[in-house]
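Worksheet for the structure shown next.
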Number of protein chains: 2
Amino acid sequence: MSKSRTPSIKMVAERAGVSVATVSNVLNGKPTVSADFARRVNDAVRELGYVVDLGASRLRSRKTQLVGVVVPDLTNPMFASFVSTLEHLARLDDYDLVVVSARNDAEEEADRLRKIRAWRPAGLIVIPCDGAFAERLPTGFFAPVVLADRIPDAAGFDLIAVDNGPAAGAIAAHLDGQGYRDCMVVGSSLSISNVRERWEGVRAAVKRMHVEMLEIGIDDANGAQRLEERLRRRPLPGALFSLDHGTTLLTYRTMAEIGLSVPEDLAFASFDDMEWMQLVAPGITAVRQPIEEMAEQAWALLLRRMTGSAGKPVTRRLRCAVEIRGSTPRSPLEEAGNVKLGGKKWKLQDEPYSPE
Amino acid sequence: MSKSRTPSIKMVAERAGVSVATVSNVLNGKPTVSADFARRVNDAVRELGYVVDLGASRLRSRKTQLVGVVVPDLTNPMFASFVSTLEHLARLDDYDLVVVSARNDAEEEADRLRKIRAWRPAGLIVIPCDGAFAERLPTGFFAPVVLADRIPDAAGFDLIAVDNGPAAGAIAAHLDGQGYRDCMVVGSSLSISNVRERWEGVRAAVKRMHVEMLEIGIDDANGAQRLEERLRRRPLPGALFSLDHGTTLLTYRTMAEIGLSVPEDLAFASFDDMEWMQLVAPGITAVRQPIEEMAEQAWALLLRRMTGSAGKPVTRRLRCAVEIRGSTPRSPLEEAGNVKLGGKKWKLQDEPYSPE
DNA sequence: AGCTTACAATAAAACGTTTCACCAGAGTTT
DNA sequence: AAACTCTGGTGAAACGTTTTATTGTAAGCT
């Protein structure tokens, strides 16, 4: 019976007995409309449950309060938190977000980027799958892009990341200082820039300790098997340092399956601090990243770019905190207790950061 | 110098020396266009990096391959996983997704729903904040809605959820069978339907064991304090059963802080199985929800509705698996070992489910 | 009273697409 | 050869908005 179609501005105008232009003016808060007419329009809007059609509105006004967000994997708690913060901030500034995940696949990322372009976003925030991101950015795309967390091979992008090198170095120095003589460093892939930076940070920081690197890939059964083989071989390294969340999960589980216990058989530390790392006994020494602040900085930067601020690409490094816990006690089976070294607040480094 | 404006279909037409209608026909795979013209158009498209404007396309064609997704909290791994699966499925069917989170706030959910409406989605998948969802659904909204995970107070919606009652009951029966005489059940709030169903499932399943319920709210410092007080009071309950993810995290941490150990001081079980629950020692007995399948079912159902299938609202319950681990051994300090009761695959219940 | 100003409201154009009706020309049937 | 039917292509209308230019009316000046 009833015209079951979502109401348009025309229906509102009809019902209020005014022109569509007037309705539009009321809805957009133009001051040139009388109180009486405004009331009539608002009544009609309420009665019909009218909501503007964003597509049409955007098309005509050419003002697109919309930004695209691309992350490698939504199920990674780090990225989920990143997106969630971003969403909140965007809302405060009255922007909409289109979020997509690339499922850790470069090709899918390229595909998603092309698709997101169809939305005509005013800007983009991307955590790229790998360094070759620049090649995947579609041609003919003129909106500002802010990269986060991972560094692209090509220069020319705004970037917000953490001080991977120094933070990983701090863990390495800690292990070194606790008296460990050799440390195995495990990470998904050195082709991911922050893993690479962390590994380099480790190498730069160690004094006496011997370090070796093991790449196990991302979702790679083969890599998992290599890890297990190494953990079964003797002698074991004195300490294990895992460079990213996925790797930590895999490593910790593998150790448990094999029957290795932390810290009796080997010490263990992780880049990326997750909630459960305080729940296991002993707690796991970890680098905590200021993920919310990363989102805040990324948003602030993109907002500046979208509102016309030109200028050279900016790189910002945020400082990580190190949480020392029971998984890395003094080396020769001597109990060191739960020294809390963290607690200092995040702080933006003012100096430009140069990893080399 | 160069017209730095994102290319439109008109520019493509010009460049290819054809009409815009022809470009549109080529892009939409209409068969009535000669190979020669198609090539010219495709060349122009590639050279300009043209991508269709979704807003305009949708506006004209009125075919909106778009669905909105609303979840209470993106940082909850369950929901993140739900969204991620959904995103994948949508892509396969060539739909776009607009995802928003309500941050556990009913008012914000209402706001987000209104906003999402402006996108003119063809359908909605919602995990509602609470039972009063129906009141927040904007008027004049005619797209199909599929609810997931939580049951609304009002009838009339399609719903995909898990068998909260029986699953929680299975845990309760297990504790009962292990010889515990009293069990404290902790949950965020009985106003959330699945928490309520789980609690009712517990009460229905216990035979000899005495159970008491403690609500601690969601992000409620007051509730956390009540929990701590209870855990310091003696006598302790023999077992603790936590009914949702957030509560489990809080409870487990609180126990550790107070110095209570599982299972020596009390047994512990959780609804919602998280990765770390296998990593702590002993592992935590938990109900594992088929979250991916929930997403699959929700998507399949919505797709059917969007393609015109009418009919009465459907309710589906998916079966959970129970993972028995070391945190719930035989009662009087007797080691029960790590019996693995799970492993059966998820299975859709064919019978309509009635909680009463 | 005339003549300008100021204001409130509107008609119509425009945004980038898709779709519909139409057209020219070539082939096919009488 | 006239009358059809295809075939591949196009101009123009339409989608739901916002914006610009225009109109009509009332008030403020001489």
Side-chain angles (χ1 to χ4, degrees), chain A residues 3 5-42 44-45 48-66 96 115 117-122 140 142, chain B residues 3 5-42 44-45 48-66 96 115 117-122 140 142:
Chain A
K3 201 87 156 57
R5 178 90 150 284
T6 85
S8 77
I9 199 176
K10 199 173 299 184
M11 304 186 202
V12 176
E14 242 166 59
R15 178 163 195 124
V18 301
S19 73
V20 291
T22 301
V23 177
S24 177
N25 285 336
V26 171
L27 262 42
N28 296 321
K30 293 281 191 305
T32 75
V33 52
S34 74
D36 178 44
F37 272 52
R39 198 183 37 69
R40 271 159 60 192
V41 168
N42 283 323
V45 164
L48 265 61
Y50 169 76
V51 172
V52 71
D53 181 324
L54 271 184
S57 166
R58 223 197 289 295
L59 173 59
R60 174 62 238 237
S61 71
R62 325 200 51 137
K63 304 222 168 313
T64 103
Q65 299 269 84
L66 175 71
D96 287 304
K115 187 75 185 190
R117 196 153 131 41
W119 290 101
R120 300 287 186 267
F142 301 111
Chain B
K3 203 76 158 69
R5 178 89 150 285
T6 85
S8 77
I9 199 175
K10 200 173 299 186
M11 305 186 202
V12 175
E14 243 167 58
R15 180 164 193 122
V18 301
S19 72
V20 292
T22 301
V23 177
S24 177
N25 285 335
V26 170
L27 262 40
N28 297 321
K30 293 282 191 304
T32 75
V33 54
S34 74
D36 179 45
F37 272 53
R39 198 182 38 69
R40 272 159 61 191
V41 167
N42 284 322
V45 165
L48 266 60
Y50 169 76
V51 172
V52 72
D53 181 323
L54 271 185
S57 167
R58 226 200 285 297
L59 173 58
R60 173 61 236 234
S61 71
R62 325 200 51 130
K63 305 223 165 310
T64 98
Q65 298 271 85
L66 175 71
D96 288 305
K115 187 75 184 189
R117 194 153 132 41
W119 291 104
R120 300 286 187 266
F142 301 112

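Every heavy atom of this structure was used, including side-chain atoms; hydrogens, water molecules and symmetry mates were not. Just so it is clear: chains get the letters A, B, ... in the order the sequence lines come, proteins before strands, and each one is counted from 1. These numbers were taken from a predicted model, which means no experiment stands behind them.
Per the geometry, CZ belonging to A:Arg120 stands 12 Å off C1' belonging to C:dC15, to the nearest Å. One interatomic measurement links the two molecules: CG of A:Asp53 to C1' of D:dA14, which rounds to 14 Å at whole-angstrom precision. The nearest whole Å value for the distance from the CZ atom in A:Arg62 to the C1' atom in D:dG16 is 16 Å. One atom, NZ of A:Lys10, and another, C1' of D:dT18, lie 14 Å apart when rounded to the nearest Å. In this structure, A:Leu54 atom CG and D:dT17 atom P are separated by 10 Å, rounded to whole Å. Atom C1' of nucleotide C:dT19 and atom NZ of B:Lys63 are separated by 11 Å, given to the nearest angstrom. Atom pair A:Arg58:CZ and D:dG16:C1' shows a separation of 14 Å (rounding to whole Å applied). If you measure from atom CE of B:Met11 to atom P of C:dG16, you get 7 Å, rounded to the nearest angstrom.
Side chain of A:Asn28 to main chain of A:Lys30: no donor-acceptor pair is present (N/O by atom type, distance under 3.5 Å, no hydrogens or angles). No donor-acceptor pair closer than 3.5 Å links the side chain of A:Thr64 to the backbone N or O of A:Pro121. With A:Arg40 contributing its side chain and A:Ala16 its backbone, the two residues share a donor-acceptor pair below 3.5 Å. The backbone N or O of A:Asp53 sits nowhere less than 3.5 Å from a side-chain atom of A:Ser57 that would complete a donor-acceptor pair. Remark: side-chain polar atoms of A:Arg117 are paired, donor with acceptor, to backbone N or O of B:Gly49 under 3.5 angstrom.
With hydrogens and angles ignored, a donor-acceptor pair under 3.5 angstrom links the side chain of A:Arg60 to the base of D:dT18.
Comparing C:dC15, C:dT18, D:dT18 by their nearest atom to the side chain of B:Ser24 picks out C:dT18. Here D:dT10 is the nucleotide among C:dT18, D:dT10, D:dT17 with the atom lying nearest to any side-chain atom of B:Asn25.
Scanning residues 13-22 of chain A for heavy-atom distances under 4.0 Å to DNA chain C yields A:Val18, A:Ser19, A:Ala21, A:Thr22. For DNA chain D, the neighbouring residues in residues 30-38 of chain B, judged by any heavy atom under 4.0 Å, are B:Thr32, B:Val33, B:Ser34, B:Phe37.
Residue A:Ser8 has no polar side-chain atom (N or O) positioned under 4.0 Å from OP1 or OP2 of D:dG16.
Distance check: A:Leu54 CG to A:Leu59 CG gives 12.0 Å after rounding to the nearest 0.5 Å. Atom CG of A:Asn42 is separated from atom OH of A:Tyr50 by 12.5 Å, given to the nearest 0.5 angstrom. Within the model, atoms CD1 of B:Ile9 and CG of B:Leu48 stand 12.0 Å from one another, a figure rounded to the nearest 0.5 Å.
Test A:Val33, A:Val26, A:Val23, A:Asn25 against A:Val18 for side chain to side chain contact (heavy atoms under 4.5 Å, CB included) and you get one pass: A:Val23.
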